[in-house]
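To start, the structure itself, in structure tokens.
All values derive from a computational prediction rather than experimental measurement. What you see below is based on every heavy atom in this structure, not just the backbone, and it leaves out hydrogens, waters and symmetry mates.
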Amino acid sequence: MNIYSRRYFFMEKELTLKQKDKLAKKIYKSYQRAQLDILYLSQHYNYYPQIDIFKVKEGDTNYQKPDAMILQQMERKQELENFVSMINQIHSHMSKESYSFIESEYLNFYNPDWWIPYFSRASYYRLKHKVLDELIEYTQSFWTSDDLRRLLK
């Protein structure tokens with residue numbers, strides 16, 4: 001099946017450009033946040049067992065909590081790495097033109113008028129529809145329809 005025969009398999013009707021844009025913004029906001037969280041977790045948490053002699057007291061249950069916290073942080077880091085890896089895999093399958101559009105529109109969004117020197121208004125919106133259709137098609141490989149619906153709310 002090509003991109004247009006399976007279009008919006010998870011939706012009963014075709015999405016508007018505004019809905020597609022909202023979905024893409026949420027995906028890339030989560031993507032960038034996950035990258036920052038991974039960086040933070042890598043820099044601020046040492047995953048090797050350590051004993052803090054100031055926290056060790058007889059009969060103190062606080063000594064048990066760091067182990068659970070470290071395990072929770074390791075699981076969170078793994079989930080974030082899986083999400084970032086999934087988005088990177090989507091990027092690797094996209095066409096070069098689509099990825100450069102995504103990069104300019106969502107990842108490195110410094111100037112909202114970045115497209116003016118390159119496209120006419122009609123060409124910009126036509127390309128935006130095409131790129132977002134491609135993005136949604138690839139996300140359907142990883143997420144269920146319920147996940148994508150939740151992002152639209």
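With sequence neighbours left out, the salt bridge (Lys or Arg N to Asp or Glu O under 4.0 Å) criterion links E97 to K130. Considering only residues two or more places apart in sequence or on other chains, Y118 meets the side chain to side chain contact (heavy atoms under 4.5 Å, CB included) condition with W114. For Y31, the side chain to side chain contact (heavy atoms under 4.5 Å, CB included) partners are Y28, Q35, F83, V84, I87, N88, H91, L107, not counting sequence neighbours. In this structure K25 satisfies the side chain to side chain contact (heavy atoms under 4.5 Å, CB included) test together with D21, Y106, sequence neighbours excluded. Under the rule for a side chain to side chain contact (heavy atoms under 4.5 Å, CB included), the partners of S92 that lie at least two apart in sequence or sit in another chain are Q89.
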Next item on the list: List the steps and the verdict of side-chain contact (heavy atoms from CB on, under 4.5 Å) for K22 and K18.
Entry: CA-CA 6 Å; K22 182 179 178 181; K18 192 172 186 177; 5.9 Å; no
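Taking OH of Y125 as the reference point, atom CZ of F119 lies at 13.0 Å (rounded to 0.5 Å). Taken to the nearest 0.5 Å, the CD atom of E81 stands 5.0 Å off from the CD1 atom of I38. Note: L132 CG to L127 CG = 9.0 Å, rounded to the nearest 0.5 Å. To the nearest 0.5 Å, the span separating OG on S120 from CH2 on W115 amounts to 8.0 Å. For the atom pair E103 CD and K96 NZ, the distance stands at 11.0 Å (nearest 0.5 Å). The distance from atom OG of S42 to atom CG of L80, rounded to the nearest 0.5 Å, is 10.0 Å.
Of the possible polar contacts, one joining the S30 side chain to the K26 backbone as a donor-acceptor pair under 3.5 Å is found.
The side-chain heavy atoms of I27 and I90, taken from C-beta on, include no pair separated by under 4.5 Å. Y124 has its side chain within reach of E105: a pair of non-hydrogen atoms, C-beta onward, lies under 4.5 Å apart.
Cluster annotation: L39 and L41 are assigned to distinct hydrophobic clusters (Ile/Leu/Val/Met/Phe/Trp/Tyr, side-chain heavy-atom contacts under 4.5 Å, transitive). M86 and L36 are members of different hydrophobic clusters when ILVMFWY side chains are connected at heavy-atom separations under 4.5 Å.
For the residue pair E134 and S98, the shortest heavy atom distance occurs at OE1-OG, 2.6 Å.
Checking each of L135, L15, V131 against K20 for a side-chain contact (heavy atoms from CB on, under 4.5 Å) leaves exactly one that passes, namely L15.
Sorted by first then second residue, the salt bridge (Lys or Arg N to Asp or Glu O under 4.0 Å) pairs that include residues 31-44, not counting sequence neighbours, are R33-D37, D37-R76.
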